[in-house]
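What follows is a set of notes on a single structure, which appears directly below.
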Amino acid sequence: MKGELKIYNTLTRQKEVFTPLHKDYVGMYVCGPTVYGHPHLGHARAAVTFDIVFRYLKHLGFKVRFVRNITDVGHLEDEVAGEGEDKIAKKARLEKLEPMEIVKLYTESFHDAYRALNNLPPSIEPTASGHIIEQIEWVQQILDNGYAYEADGSVYFDVLKYNESHPYGKLSGRILEDLLETTRELSGQDAKRNKVDFAIWKSVSEEHLMQWNSPWGKGVPGWHLECSVMSTKYLGEQFDIHGGGMDLLFPHHECEIAQSVACCGKESVRYWMHNNMITINGQKMGKSLGNFITLIDLFAGTNDLLEQAYSPMTIRFFMLQAHYRSTLDFANDSLKAAEKGYKRLTNAFNLLEKLAHSGNETAADAVEDAKILETCAACYTHINDDFNTALVLADLFELSNKINSFFNKQLPLNAISAATFAKMKTTFQAFFTDVLGLKDEAQDGNSDVTDGLMELILEIRADARTNKDWSTSDKIRDQLKALNIQIKDGKEGTTWTVN
RNA sequence: GGUCGGAUGGCCGAGGGGCUAGGCAGAGGUCUGCAAAACCUCCUACACCGGUUCGAAUCCGGUUCCGACCUCCA
């Protein structure tokens, strides 16, 4: 029933049937953020994309270890000779804070945003600074294996040497000769033998706030190294899925492959997955372009580009409406449309809970019954097709129509069999809640007291309506509306929702 | 310049040789004390020019435009 999952593998440029290395277990690593600023919409996209992967694999019954790192060191701002400055250290100097203070502040900001978006926390969240020793060991091993050289206290990966026996560029589709011709010439070139070489250990000057002792002198690990080191440490020399943003494809992931091969003698990743970018006015939203909107601003509506605040679930829904490998353009109108769509779906989700099937074993309407079963199956077909959440949402909307019709008695519940009803209920709920990670955020602040009060108020209003006391009933409705509570009179009594 | 990707109805977005998602907006209708919600119906599009094919938005070639990566980036 659940079928087989196909994943688009960047390495082979095609969808492949997913089979884990070890039966029933899945190892998955995703490149996390560098914590030197608040998370923005782009970070949310990556987080939601791989949260879906994590959730669905779990839904399929796999035992998943999901590792997502926090980069808190070693991320050189630029490679101008001798002046490479660590991002964290730079920000610390600017704000006159300790590096660890910066790391703490933004790590928590990321956690807050991830939680608000209803992303499940990863199984392990390792930091680069916590794995300096392991990284030094890797540098040494790569040196010992002859794929790196030391120069001026730094250690560089020898790409040309590596390429003699292994194709460098296979993941991003690059040819080394082209790279040698086109790679930008950096001013005051450093000790690298070739411009395509990259640092796996970088010496830094005395003044640097963050540095560690190593066999090659004081310095910091090269950025690409941490992911290779931490992924294999927690998932083994070979593991199933490695994810990240498309912008990390080259050079970051390419370097990771080279490092793994150079150190361990084999590639560690089986399925490479990359999510596409969020764009704004057709251009990539990014830190360096400065055209990003932080999630804090989005949730609060505090940014000139925003016409209103957008809730975490609205943003999640917005992203799920597009396929993760397509670019997704930010626009107020799109967010507003997503907000309405999300509310409609959530409403159906809540109504489904209230439906009670009479128990008839045969469907009164065989066509309707078959249609619903078909849609339930389609949810799996679609998520299995490289996580096509857009189509899954379309399926859920289809089911929503039925749920609403049942609830409003526009379609009798006995039209479908008890078994079909049960299937519809479990499928809808499983996809809405467990797989897509959606929830009714309007319920977040509600308590039993609120529910009790609303019950009482609606009872009073029902009495007024029975007595045709329209002024009282309308007064209740209007006043509640002012409190953002929407009253909906139906055949089976009145329901309410918080807007 | 090199490599790769994209152009879909009023808007957002799936899909990807014949069955022509979905959401939002709009029009009409049903229901309703009124309203809201809901349901039903309608609005049927794939940048341009050639080609392949019984048939192309979908495949191939070309053109135009846009973007990504090649430097840190989710």
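Chain letters run A, B, ... following the sequence lines, proteins first and then strands; every chain starts at 1.
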Just checking [X]: base, sugar-phosphate only, or nothing, at a heavy-atom cut-off of under 4.0 Å?
X	result
N388(A)	sugar-phosphate
L41(A)	nothing
N401(A)	sugar-phosphate
G245(A)	sugar-phosphate
M277(A)	base
K287(A)	nothing

For the [atom1] atoms, the ones on [N] and on [M], what distance do you get once it is rounded to whole angstrom?
N	M	atom1	value
G22(B)	C43(B)	P	13 Å
G26(B)	G62(B)	P	44 Å
C40(B)	G23(B)	P	10 Å
C42(B)	C54(B)	P	34 Å

Using whole Å, what does the distance between atom [atom2] of nucleotide [N] and atom [atom1] of [X] come to?
X	N	atom1	atom2	answer
L355(A)	A38(B)	CG	P	15 Å
L328(A)	A74(B)	CG	C1'	13 Å
E254(A)	U71(B)	CD	P	13 Å
N347(A)	C24(B)	CG	P	12 Å
K409(A)	U32(B)	NZ	C1'	17 Å
Q486(A)	A35(B)	CD	C1'	9 Å
L396(A)	G23(B)	CG	P	11 Å
L171(A)	C69(B)	CG	P	16 Å

For [N], does the base pair up with any side-chain atom of [X] as donor and acceptor (N or O, under 3.5 Å, distance only)?
X	N	result
Q410(A)	A38(B)	yes
D489(A)	C34(B)	yes
R45(A)	A74(B)	no
T327(A)	G5(B)	no

Of the listed nucleotides ([options]), which one gets closest to any side-chain atom of [X]?
X	options	value
H323(A)	A21(B), G15(B), A74(B)	G15(B)
P251(A)	A74(B), C70(B), C39(B)	C70(B)
K340(A)	A25(B), G67(B), A36(B)	A25(B)
L391(A)	C34(B), A14(B), G23(B)	A14(B)
R174(A)	G22(B), G2(B), A74(B)	G2(B)
K488(A)	A68(B), A74(B), A36(B)	A36(B)
S405(A)	C39(B), G67(B), A14(B)	C39(B)
D247(A)	C69(B), C11(B), A35(B)	C69(B)
N275(A)	C34(B), G22(B), A74(B)	A74(B)

Pick the closest RNA chain B nucleotide for F397(A) and for N404(A) by heavy atoms, then say which residue is nearer the 5' end.
F397(A)

Of L393(A) and K481(A), the one whose nearest nucleotide on RNA chain B sits closer to the 5' end is L393(A)

Using the six-membered ring wherever Trp is involved, compare the ring planes of [X] and [Y] and label them parallel, tilted or perpendicular (cut-offs 30° and 60°).
X	Y	value
Y324(A)	F387(A)	perpendicular
F428(A)	F432(A)	parallel
Y29(A)	H242(A)	tilted

Determine: side-chain N/O of R344(A) to OP1/OP2 of C39(B), distance under 4.0 Å, yes or no.
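Checking C39(B) against R344(A), a side-chain N or O does come within under 4.0 Å of OP1 or OP2.
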
Tell me, please, whether Y36(A) has K287(A) positioned over its six-membered ring: NZ or CZ under 6.0 Å from the ring centre and within 45 degrees of its axis?
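Ring-cation test returns yes.
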
Using a 6.0 Å distance limit plus a 45 degree cone around the ring axis, check whether R68(A) lies over the aromatic ring of F50(A).
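No, R68(A) does not lie over the aromatic ring of F50(A).
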
Identify the residue among T433(A), L438(A), L399(A), L396(A) that makes a side-chain contact (heavy atoms from CB on, under 4.5 Å) with F349(A).
T433(A)

For [N], which nucleotide in any strand shown is its Watson-Crick or wobble partner with both distances under 3.5 Å?
N	value
U41(B)	A27(B)
G61(B)	C49(B)
G67(B)	C4(B)
U32(B)	none

Any side-chain to backbone donor/acceptor pair from T10(A) onto W272(A)? Under 3.5 Å, distance only.
yes

Main chain of T420(A), side chain of H357(A): is a donor-acceptor contact present, judged purely on distance under 3.5 Å?
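The answer is no, because no donor-acceptor pair under 3.5 Å joins these two groups.
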
Is there side-chain contact between E256(A) and V269(A), with heavy atoms separated by less than 4.5 Å?
no

CD/E374(A): more than 12 non-hydrogen atoms of other groups inside 6.0 Å
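No, the 6.0 Å shell around CD holds no more than 12 heavy atoms from other groups.
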
Quick check on contacts: within residues 459-470 of chain A, what sits under 4.0 Å from RNA chain B by heavy-atom distance?
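Of all residues in residues 459-470 of chain A, the ones placing a heavy atom under 4.0 Å from RNA chain B are R461(A), R465(A), W470(A).
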
